[in-house]
Asker: 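Have a look at this one.
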Amino acid sequence: MVNTIKQISPKLQNSSHTSLIHFLSFSAKLFTMPPPMASSTPTRYYIPSSKPSHPSSQTPLSKPSKPSPKLISSSSSPCPSPSLSSSTSASSSHGRSPVLGPEFRRSRSTRVISKRNTTSPKPPNLTSRPASPASRDCLAAITRSSDATTVNTLRSFHPRLSIPEDYCSILHELGDREKSPFKASEIYNFSMPLMRNLTEKGKLLTAAISSFGKMGSHDLARNVFDKGLSDGYGNTVYAFSALISAYARNGMSSEALVVFETMKGRGLRPNNVSYNAVIDACGKGGVDPIISMALFREMLGVGLLPDRKTFNSLLAGFSRVGHLDNARMLFDEMIFSGIGPDIYTYNTFIDAVCKCGNMELAVQVVSEMPAKGVHPNVVTYSTVIDGYSKLGRFDEALNLYEEMRSRGIQLDRVCYNTLLSIYVKTGKYEEIAKVCNEMEVMGIEKDTVTYNSLINGYGKQGKFDVVSRLIQEMRERKVPPSVLTYSTLIDIYSKAGMYGDAANMFLEFRESGLKADVVLYSSFIDTLSKNGLVEFAVWLLNEMVKMGIKPNVVTYNAVIDAFGKSRISVEEDGVQQDSGDPESCGGQIVKAFGQLARGIGRPVADETKRSEELLCILDLFQKMIQQGVKPNVVTFSAILNACSRCNSFEDAKLLLEQLRLFDDFVYGVTHGLLMGCNDVWIQARSLFDELRRMDQPTSSAFYNALTDVLWHFGQRLGAQKVVLEGVHRQVWENTCSEFSLDLHLMSSGAAQAMVHAWLLSIRSVVFAGRKLPEFVSILTGWGKHSKIVGASTLRRVIEALLNTIGAPFQLERYNIGRFVSPGAVVSAWLMESGTINILLLHDSRSSDPLIPANLLPRLQALQL
DNA sequence: GTAGGGTTAG
């Protein structure tokens, strides 16, 4: 058996392009074979998995109720049998090509993958460590009282505590409850001398490593581990496994892998816990799941039986990178192999489904849980609520929250934070206050996440007095700020143009000793980009790489957005020398804030410079790919916006042609539309369909950018068709009623194309003999959604358009964001013989056969 | 030794 594996393995290694699915199905086959140790006693564990489907998957699907999906039907009748395999494959896009990856749809979370969850206390672990009454009392006394009394408490309990069990148990439990490692250190130092031999010392060591790991103090875990090794009681599978797990919790996958290899080098044989921990570390650290699968195979090869935790960790790895198909295969594999999914399995899988934006499937999976004897808990609900919230479907999210309440499920801190983030996003301040009160009443203290969320919400609304109060409260309650607290503060101050405050916050951050991360730098880069300091933005991008901070897709998108916006800086001293040194880089950042505070300089007018900038995007795009950062739909929008800012059609065309080499589908469609190829529309529609599962701001940004570039380069009919596709897919909220047009969420190109389409549709109403209402109106807003508040760019563009085409609209006297016209006046204008030709749009480049002129107005009006 | 929440691009 082992030989078989050795024979097959090299083949796999050689074919570097082996798809994950093949890899997985290979492993699945492997999994169906008994491992060497168990070959004589085959268990039901190894059921062949090559059957097409298991019986229950043939049951018809239950359709989730539409307007307010309930996770669990309130009727007592049994839920329809699970049908996950059939339902997921039905909703995936197999067989259609080309298909966009989850990255392009921006469905992956861009958050740092590793995330500690040190703040919500877990329920005590009753199954594995039955604590003695004395150790329970001692633990309670220690957690209740101050740091300084820990040793005294231990002394008083000492006669009643067993060695080593009670001391180990106290350490373990403390890891679940405390954030600060101080008490754990005190306990460890007090009790180590009490241990009577190397075995007892080793047990205490393992407990300490585990405890420190849970608190996020991986460095302390490492210190005691090293001491244990040198003192002769650390060379155990337990200590090594505990250290791997400590690294896993902190997202330090490479360290975990090194420790894992080291233990093998020292002649220790990793057990199930070791493998599970290292696989878990890979998942949390964002390591390619191919590595986790290799470890899984290795585990089988040495005769270890994977258990539920192994599968759950593997599943989490696939879920995190958005490989929903592989996650599903693993999920099915679990069922086949007799390891039933548990609440962790379901919650992990549901999270993966939510992250792909497939809420209908998520709701369905939840509804199938009770039939499997697994009941949705607060985590399940929080996951689905957050899934809706991320798509901007706040009503559905809040409905679920009500459902959870009515089912008597207690909210915990994470759930409260999820709820708060919804109210923050929707700006419901009374509700925020209510939730905060309720948390107090329930004895759930605000943590760093809560404060970050609140600071962000109030900061975005410009309520800086509240922000200051929150910062004060954090200090008073000793809630430690994280890098994110500082990034958030620096970002909201920068966006509000309060560069002095931003600079001060940055200085405070540097004194805090926290490590800068990709979010902090991306936020700086965004500020620089938005203000036209392009060279500085690119410089900072290079600096962060030198300092070992890996840019992500957000960072690149922010830089790309800068191209074509460059301005001559006030000081004219250009970009600084290269350094890679945090100190001098920090100095430059402070200097940049100073410059921004003094004014942003004048735009670079030179057209050749703009063209050069456009082609820089290509370099950046290549760099992204090289670094393994996958461009997404926002990248696409940013590139198109840069094209719209450039006047050279040739350069834009060249750029798109080059980008087609990376992604022929997405950039091919754009290129085709720009060139006026009629054939490309079939592909274009399938692209629009693929992008359905985006949140509204992202999808409207996509349609806005695409229409803008087409309009900008004279493809006005094409632009109009794209806008109408968007309207059909309800990309913009309440865009269009018959006699009132709302353009305030549209870009200038989209809005102009839309005005033409709307007027044509009114024209057909008039020609059908219907009377127009007293007034018809066009709403542009007055700059609320513009990047520069009050700039009213859209209003001015529409005003100019209406003047050019001679449409008889006037600005309303008391609402400068609204153009109106008496129905009769518009009607008369539309009846004029020349109007139709003004309203019809044309492409400057076209491969279309000529459509008879008298057919065009009807065709265009029909599309609305 | 396993699950959910907060930040940055649009």
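Just so we're clear, the structure is a prediction, and the values are computed from it rather than from any experiment. Numbered from 1 within each chain, the chains take letters A, B, ... in sequence-line order.
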Asker: Measure the distance from CZ on A/Phe636 to P on B/dA9 and round it to the nearest whole Å.
Answerer: 20 Å

Asker: Salt bridge (Lys or Arg N to Asp or Glu O under 4.0 Å) with A/Arg405: which residues, sequence neighbours excluded?
Answerer: A/Glu438

Asker: Can you tell which of B/dG6, B/dA9, B/dA3 lies closest to the side chain of A/Thr348?
Answerer: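 Per side-chain heavy atoms of A/Thr348, the pick is B/dA3.
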
Asker: When you measure only distances, ignoring hydrogens and angles, does the side chain of A/Thr383 come within 3.5 Å of the base of B/dG4 through a donor and an acceptor?
Answerer: no

Asker: Would you please classify the geometry between the A/His218 ring and the A/Tyr247 ring as parallel, tilted or perpendicular, with 30° and 60° separating the classes?
Answerer: tilted

Asker: Hey, can you tell me if A/Tyr703 and A/Phe688 have their rings parallel, tilted or perpendicular (30° and 60° cut-offs)?
Answerer: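 Judged by the thresholds at 30° and 60°, the geometry between A/Tyr703 and A/Phe688 is tilted.
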
Asker: Does any N or O donor sit under 3.5 Å from an N or O acceptor when you compare the side chain of A/Ser523 with the base of B/dT8?
Answerer: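 Checked by distance alone, the answer is no.
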
Asker: May I have the step-by-step check of side chain to side chain contact (heavy atoms under 4.5 Å, CB included) for A/Val374 and A/Thr345, ending in yes or no?
Answerer: CA-CA 10 Å; A/Val374 184; A/Thr345 321; over 6 Å; no

Asker: Is it the case that the base of B/dG6 and the side chain of A/Ser482 share a donor-acceptor contact (distance under 3.5 Å, atom types as modelled)?
Answerer: yes

Asker: Taking the minimum atom-to-atom distance to the side chain of A/Val379, which one of B/dT8, B/dG6, B/dG4 wins?
Answerer: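 In terms of side-chain proximity for A/Val379, the closest of B/dT8, B/dG6, B/dG4 is B/dG4.
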
Asker: Answer yes or no: are there more than 12 heavy-atom neighbours, outside A/Lys446 itself, under 6.0 Å from its atom NZ?
Answerer: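 Enclosed.
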
Asker: Ring pair (Phe, Tyr, Trp, His ring centres under 6.0 Å) between A/Phe593 and A/Phe524: does it pass, once the steps are laid out?
Answerer: CA-CA 9 Å; A/Phe593 278 127; A/Phe524 286 142; 5.8 Å; yes

Asker: So, is A/Lys284 close to the B/dA3 phosphate, meaning a side-chain N or O under 4.0 Å from OP1 or OP2?
Answerer: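 Answer is yes, contact under 4.0 Å.
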
Asker: Let me know the distance between CD1 of A/Ile444 and P of B/dG4, rounded to the nearest Å.
Answerer: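 Answer to the nearest Å: 18 Å.
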
Asker: Base, sugar-phosphate, or nothing: which does A/Val378 touch, judged by heavy atoms less than 4.0 Å apart?
Answerer: base

Asker: I'd like to know if A/Asn632 reaches the base of B/dA9 with its side chain, counting only an N/O donor and acceptor under 3.5 Å.
Answerer: yes

Asker: Below 4.0 angstrom from OP1 or OP2 of B/dG4, is there any side-chain N or O of A/Arg413?
Answerer: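 It does not, given that no N or O in the side chain of A/Arg413 lies less than 4.0 Å from OP1 or OP2 of B/dG4.
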
Asker: Could one point to a donor on the side chain of A/Asn377 or the base of B/dA3 with an acceptor on the other under 3.5 Å away?
Answerer: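 A donor-acceptor contact between them is present.
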
Asker: Mind calculating the distance between CG (A/Leu528) and C1' (B/dT8) to the nearest angstrom?
Answerer: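 It works out to 13 Å between those atoms.
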
Asker: Distance check needed: B/dG4 P versus A/Asp351 CG, whole Å only.
Answerer: 5 Å

Asker: Which residues pass the salt bridge (Lys or Arg N to Asp or Glu O under 4.0 Å) test with A/Asp526, not counting sequence neighbours?
Answerer: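 Only A/Lys495, A/Lys530 meet the salt bridge (Lys or Arg N to Asp or Glu O under 4.0 Å) criterion with A/Asp526.
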
Asker: Using a cut-off of less than 4.0 Å, is there contact between a side-chain N or O of A/Lys390 and OP1 or OP2 of B/dG6?
Answerer: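 For B/dG6, OP1/OP2 do have a side-chain N/O of A/Lys390 under 4.0 Å.
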
Asker: Between the base of B/dG4 and the side chain of A/Asp412, is there a donor-acceptor distance below 3.5 Å?
Answerer: yes

Asker: Please give, in whole Å, the distance from B/dG4 P to A/Tyr388 OH?
Answerer: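 Going from A/Tyr388 (OH) to B/dG4 (P), I get 19 Å.
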
Asker: When we call it a touch if two heavy atoms are under 4.0 Å apart, what does A/Ser382 touch: a base, just sugar-phosphate, or nothing?
Answerer: base

Asker: Between A/Lys460 and B/dG6, does any side-chain N or O lie under 4.0 Å from OP1 or OP2?
Answerer: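 The answer is no; no side-chain N or O of A/Lys460 sits under 4.0 Å from OP1 or OP2.
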
Asker: When you measure from the side chain of A/Cys415, which nucleotide among B/dG4, B/dA9, B/dT8 comes out closest?
Answerer: B/dG4

Asker: Give a yes/no answer on whether the side chain of A/Arg320 brings an N or O atom under 4.0 Å of OP1 or OP2 in B/dA3.
Answerer: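 So the side chain of A/Arg320 is within the cut-off, an N or O lying under 4.0 Å from OP1 or OP2 of B/dA3.
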
Asker: From the list B/dT7, B/dT2, B/dA9, which nucleotide is the closest neighbour of the side chain of A/Asn312?
Answerer: B/dT2

Asker: In whole angstrom, give the distance that lies between atom CG of A/Leu454 and atom P of B/dT7.
Answerer: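 About 11 Å, once rounded to whole Å.
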
Asker: Check the distance between B/dT8's C1' and A/Leu484's CG and give it to me in whole angstrom.
Answerer: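 Taking atom C1' of B/dT8 as the reference, CG of A/Leu484 is at 9 Å.
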
Asker: Rounded to whole angstroms, how far apart are CD1 on A/Ile409 and P on B/dA3?
Answerer: 19 Å

Asker: Reckon A/Asn456 has a side-chain N or O less than 4.0 Å from the OP1 or OP2 of B/dT7?
Answerer: yes

Asker: Select base, sugar-phosphate, or nothing to describe what A/Lys495 touches, counting heavy atoms under 4.0 Å on all strands.
Answerer: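 A/Lys495: backbone/sugar contact only, no base atoms under 4.0 Å.
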
Asker: When all nucleic acid strands are considered with a 4.0 Å heavy-atom cut-off, which category describes A/Ser487: base, sugar-phosphate, or nothing?
Answerer: nothing

